[in-house]
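In this text, all values refer to a predicted model and were calculated from it rather than measured experimentally. Order of the sequence lines sets the chain letters (A, B, ...), proteins ahead of strands, with each chain counted from 1.
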2 protein chains.
Amino acid sequence: MQQRVAEQTIGRLSLYRRLLERLLDENKRRVFSHEIAEITGFTAAQVRRDLMGPGPSGNSRHGYDVGELIQAIDDYLDHPGGQRVAVIGIGNLGRALVAFFSGRRPNLSVVAGFDSDPQRVNREINGCRIYPMESLSEVVVDQNISVAMIAVPAANAQSVAKLCVEAGVSGLLNFAPVHLRAPASVYVSDVDLAMSLEKVAFFARQKGNNGKPSSHS
Amino acid sequence: MQQRVAEQTIGRLSLYRRLLERLLDENKRRVFSHEIAEITGFTAAQVRRDLMGPGPSGNSRHGYDVGELIQAIDDYLDHPGGQRVAVIGIGNLGRALVAFFSGRRPNLSVVAGFDSDPQRVNREINGCRIYPMESLSEVVVDQNISVAMIAVPAANAQSVAKLCVEAGVSGLLNFAPVHLRAPASVYVSDVDLAMSLEKVAFFARQKGNNGKPSSHS
DNA sequence: TGTTGTGAATCTCTTCACAGCT
DNA sequence: AGCTGTGAAGAGATTCACAACA
């Protein structure tokens, strides 16, 4: 167990890592905090502060070694044995999730999908097998799945979540437009698309026309 | 008229409103802050604080009138003339977005989709017409679209965003796994699925005493 | 010189606590 | 009695600013 972890720092570390991997692909070997900040849209101080968790590896002269920094973030964020993920609900969104995550990160692999519609089950999408909803508990246990993405209609989300938790899942990423209840031993994150859109619409209106013409530094 | 707007308050107001509409459907006429808090997972004090923006309408005896409260939030969040939204990129995710938002909220309607693949254009999904990418500027101006949801591959996201902004869009909801740059007069929100999943995986690991080797079958 | 790592200051958001109302 | 609305306190996150260093 590590010390107090700032919620949002973890998210940003994930973003930094993805950027760093891109930089490595482009054969960039070293990077400064202000470069990471520039591309990700945060501040240099923020980046350095976040990197205190994974453990400092910076060098005053050349900044950070990209490869070493990726390794440090890996060690900090990833579970040594990897984690298995399931997608519940294989509608448009569920399919998008399976496709999006397939083969993206070996340490965090989407290994199963579930749907209650018989027409959608017993096939594979991007190498991920789709099972009937009835076999959820069994498959979750067998495959040692610890995280579930919930992409079912709002009316079914809570009962599906319950099934997942009872089967041993300890993290839920919920896309249904309801707040999920779960025991304190389970981490729940609600990604509410309707809310996100309405928020953008509100601030777009503020920014867009009658707002003050901003004087950005 | 409105003072400093707390970013996250706007998001929660959107959630409260959706809940209130559900309550109204269930013929619940009055509600207390602690009930809203219970269902949405926030605290009662938080709810009351958030509602100071839309303007207080609570009554000590019976709490809030559900209908009045919805109206107050509508007045606070919505643009009087409504706002039009476009979805850029009609892959799995884009289709899911169009389907999810169609007919959901009259004041915030998804009126157009765009894709660069000729096979995907010139048809309708849930009553939303899909146009070729070339006509983006024209359609955005004609239909007075002020918000765009970007669901194209990472490599194309920034250039698509530029097109949108130049055509007059002032809010972007970005699903591509990159940080979008935009002028200060445009509000940008990045919904990063990979980041969200990695964050859940991290905290799932911390929460669940998930280090136990599975009781092998 | 220019950068990292970090205590301290600042800014933002949430919770407390209670006056006032019904 | 029980609730709302809100000033004030508290917690949390971000930014500042600078010592240490190459």
Side-chain angles (χ1 to χ4, degrees), chain A residues 2-16 20 23 28-69 72-73 76 179 195 199 202-203 206 216-217, chain B residues 2-16 20 23 28-70 72-73 76 179 189 195 199 202-203 206:
Chain A
Q2 34 229 139
Q3 63 208 27
R4 263 170 233 160
V5 194
E7 279 263 343
Q8 340 208 23
T9 292
I10 298 303
R12 284 191 298 266
L13 284 173
S14 161
L15 297 178
Y16 302 155
L20 291 166
L23 292 180
K28 188 162 168 67
R29 309 291 296 273
R30 295 181 168 281
V31 68
F32 295 119
S33 60
H34 64 80
E35 297 179 285
I36 299 177
E38 167 74 11
I39 302 177
T40 56
F42 305 109
T43 66
Q46 178 86 81
V47 171
R48 293 201 302 276
R49 172 74 61 187
D50 289 336
L51 293 178
M52 285 175 70
S57 56
N59 173 298
S60 311
R61 196 164 228 22
H62 303 108
Y64 302 89
D65 179 282
V66 176
E68 275 176 26
L69 193 46
I73 297 177
Y76 189 73
H179 170 67
M195 182 265 255
K199 199 168 146 184
F202 179 87
F203 287 107
Q206 280 219 330
H216 185 57
S217 65
Chain B
Q2 49 215 356
Q3 42 228 41
R4 280 159 234 149
V5 194
E7 280 263 341
Q8 341 210 22
T9 291
I10 299 303
R12 285 190 299 265
L13 284 173
S14 162
L15 298 177
Y16 302 155
L20 291 166
L23 293 181
K28 190 161 167 62
R29 310 289 296 272
R30 294 181 170 281
V31 69
F32 295 118
S33 61
H34 64 82
E35 297 179 285
I36 299 176
E38 168 74 9
I39 304 176
T40 56
F42 305 109
T43 68
Q46 178 86 80
V47 171
R48 293 200 303 275
R49 171 75 59 188
D50 287 338
L51 291 178
M52 286 175 69
S57 56
N59 173 299
S60 313
R61 202 163 223 20
H62 304 108
Y64 302 89
D65 179 283
V66 176
E68 275 176 25
L69 193 46
I70 292 173
I73 297 177
Y76 189 72
H179 169 68
S189 176
M195 183 264 255
K199 200 169 145 184
F202 178 87
F203 287 107
Q206 281 219 331

What heavy-atom pair brings [X] and [Y] nearest, and what distance separates the two atoms?
{"X": "A:I73", "Y": "A:L13", "value": "CG2-O, 4.0 Å"}
{"X": "A:R48", "Y": "A:S33", "value": "NH1-OG, 3.3 Å"}
{"X": "A:H179", "Y": "B:T40", "value": "CG-O, 3.4 Å"}

By salt bridge (charged side-chain N to carboxylate O under 4.0 Å, His left out) - contacts of B:E38 (at least two apart) = A:R181
request  = Any pair with a residue in residues 54-64 of chain B that passes salt bridge (charged side-chain N to carboxylate O under 4.0 Å, His left out), sequence neighbours left out, goes on the list, sorted by first then second residue, please.
outcome  = none
key: Nucleotide interval of DNA chain C bounded by contacts with chain A (heavy-atom cut-off, under 4.0 Å)   = C:dG2 to C:dA8
request  = Using a 4.0 Å heavy-atom cut-off, write out nucleotides 12-22 of chain D from 5' to 3' as B (base contacted by protein), S (sugar-phosphate only) or - (no contact).
outcome  = -SSB-B---BB
message = For a quick check of understanding: with a heavy-atom distance under 4.0 Å over all strands, which category does B:H34 fall into, base, sugar-phosphate or nothing?
response = sugar-phosphate
request  = Kindly write out the residues that satisfy ring pair (Phe, Tyr, Trp, His ring centres under 6.0 Å) with B:H62, not counting sequence neighbours, or none if the list is empty.
outcome  = none
request  = Report the residues that fulfil ring pair (Phe, Tyr, Trp, His ring centres under 6.0 Å) with B:F42, sequence neighbours left out, ordered by chain and then residue number.
outcome  = none
task = Using a 4.5 Å cut-off on heavy atoms from C-beta on, say whether the side chain of B:L51 contacts that of B:Y64.
result = yes
